[in-house]
Amino acid sequence: MTLKVLHVASECVPFAKAGGLGDVVGALPKTLAARGHDVRVLLPKYGFVDTAAMVRHAAPLAVPLGDGEAWCALWETRIPGSAVPVYFLEHEALYAGPHLYTPGYDVRDWARFALLSRAGFQLARHLEWVPDVIHGHDWPTGVVGAIHECIEGGAPFEETATVMSLHNVAHQPLFPPPAWKMSQLPERLFRASAFEDHGAMNPFKGAIATADLLVAVSARYAWEITTELGGAGLHELFRARRDDLIGIRNGVDTEIWNPRTDPRLPARYDVEDLSGKMVCKAALQREVGLPIDREIPLLGIICRMTHQKGVDLLLEAAGPILDLGVQLVVLGSGDPAMQRAFEWLGRAYPSQAAAVIGYSEDLAHRIEAGIDYFLMPSRFEPCGLNQMYSQIYGTPPVARRVGGLVDSIVPFPSDEATGFLFDAPTAEALYGAVRQAVELFRHAPHAYRRMQERGMAQDFSWNGAGVVYEQAYLRALARRRAADAPGPALDVSRASG
């Protein structure tokens with residue numbers, strides 16, 4: 001069955017990205033289109049989006065918002081390397097400027113994404129193209145299901161299903177009650193079992209209550225969010241919708257992340273010949289100012305410097321880890337105190353530690369290829385991508401046993417190990433795992449090489465996830481079109497570990 005799917009999202013690589021959500025929206029539609037489906041994407045036209053190579057639709061789009069309508073321009077292009085149309089919604093007053101998400105989250109900020117969510121339905125009318133599935137992503141599109149249920153449930157959308165991807169449920173901006181009126185939704189949905197959250201409006205809560213199907217970005221995360229520890233206050237709502245909650249691990253765009261073809265690397269390599277990886281290691285050491293020595297274990301981390309990512313655990317353990325005689329390269333930005341701490345670490349250990357504050361996609365690729373172990377001490381990680389990137393690049397990860405990290409890393413000492421996992425969110429546990437990894441690197445080089453090879457042999461592409469998303473869409477459609485007809489059984493093993 002050929003499906004028509006509209007992704008409504010706040011991010012999409014390469015146009016706008018703040019995190020993994022952008023990677024997913026940039027890759028999943030391409031995978032589905034390659035499987036023969038008619039897939040399209042709707043995004044805001046932020047101020048930094050260049051429309052020079054885009055086509056502007058002649059007719060504007062009128063989108064109901066607040067007490068009236070917002071008139072928007074519509075631009076069209078394609079996701080690079082595909083035939084997937086991407087539509088950009090232009091509204092100067094709401095989307096102009098450098099930010100994807102406005103700091104502070106006020107009524108105006110909510111209006112930006114209420115407009116985007118309602119525009120998905122108006123876009124379908126404009127194109128005379130009715131999607132089988134409207135697929136929203138995280139809180140910015142949290143009202144898509146409610147709009148469909150309460151406003152747009154009639155012709156031509158009576159058989160359209162809504163699917164909501166849960167990329168990070170811990171990120172729940174709350175909006176003041178006046179924001180509710182922007183979406184034109186009925187007051188009956190502003191209640192504790194839907195959008196109301198201690199007097200404020202929580203679009204994530206409402207999404208859980210109203211979408212036809214909920215998709216967490218890994219099987220482990222789908223379970224974790226039903227627990228008090230992992231549900232960020234929403235665990236009871238997730239438990240109530242357990243039958244409509246599934247986990248599908250994200251994939252990797254292997255056209256971009258592939259050491260055999262990566263143009264950002266000083267040398268290419270593959271599982272049959274890893275000699276190019278040694279060239280990448282030496283080049284990385286030279287680039288960040290560390291002594292060039294292939295025998296020294298080189299560790300790396302690329303992340304937002306936040307509590308979630310466990311960066312404080314690495315800072316606490318950094319002294320003992322460096323005392324193991326290793327090198328450490330850090331790329332990231334975020335909490336100013338953490339940034340300063342890593343900069344100090346580089347000054348205190350100039351021959352062992354280097355910190356690059358900020359973000360560079362090119363350097364991120366070179367780090368993945370040049371290091372010997374990738375560190376991910378996350379307190380929670382809904383899916384994670386870097387642990388998959390690192391394995392593809394022959395770099396075993398050292399990570400916490402949470403979320404998608406569990407679904408994508410086979411832990412040492414298994415005969416099939418592709419990396420290391422530790423349990424407690426403590427500096428001591430991180431240090432213990434790193435010490436174990438360093439010992440393997442130094443004293444069992446053949447075992448380390450086999451671990452690299454097993455990681456590089458893993459299929460982290462979107463192909464498996466694409467099959468399961470097809471099944472998920474059919475399940476959502478079955479629920480929408482015939483409430484008593486069961487959807488197809490999901491073969492989650494193909495994409496969710």
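Here, residue 1 is the first one in the sequence, and each next residue gets the next number.
With respect to the salt-bridge test (charged N to carboxylate O, under 4.0 angstrom), the residues R249 and D407 do not qualify. A salt bridge is defined here as a Lys NZ or Arg NE, NH1 or NH2 lying under 4.0 Å from an Asp or Glu carboxylate O, and D335 with K309 fails to meet this definition. Salt bridge present: R78 and E76 bring a charged side-chain N and a carboxylate O closer than 4.0 Å. The pair D132-R481 meets the salt-bridge criterion, since a charged nitrogen lies less than 4.0 angstrom from a carboxylate oxygen.
Counting only N and O atoms by type, the side chains of S193 and R191 include a donor and acceptor under 3.5 Å apart. Between the side chains of S165 and H135, at least one donor-acceptor pair of N or O atoms lies under 3.5 Å.
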Before giving the answer on salt bridge (Lys or Arg N to Asp or Glu O under 4.0 Å), spell out for R480 and E149 the whole-Å C-alpha distance, their side-chain angles and the decisive distance to 0.1 Å. CA-CA 10 Å; R480 166 60 49 185; E149 201 68 37; 3.0 Å; yes
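A donor-acceptor pair under 3.5 Å links the side-chain atoms of E11 to the main chain of A18, judged by distance alone. Without hydrogens or angle criteria, Q308 side chain to S378 main chain gives no donor-acceptor distance under 3.5 Å.
Tested against L43 for a side chain to side chain contact (heavy atoms under 4.5 Å, CB included), the candidates V8, L89, L116, V86 yield a single pass: V86. Residue R118 is tested with I151, V144, L123, L185 for a side chain to side chain contact (heavy atoms under 4.5 Å, CB included); the sole match is I151.
F195 is linked by a ring-ring contact (aromatic ring centres under 6.0 Å, His included) to W180, counting only residues two or more places apart in sequence or in another chain.
Pairing each heavy atom of D138 with each of L21, the nearest pair is CB-CD1, 3.8 Å.
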Do any side-chain atoms of residues 421-430 form donor-acceptor pairs under 3.5 angstrom with protein atoms, and if so which ones, sequence neighbours left out?
residue: D423; atom: OD1; partner: R401; partner atom: NE; Å: 2.8
residue: T426; atom: OG1; partner: A429; partner atom: N; Å: 3.1

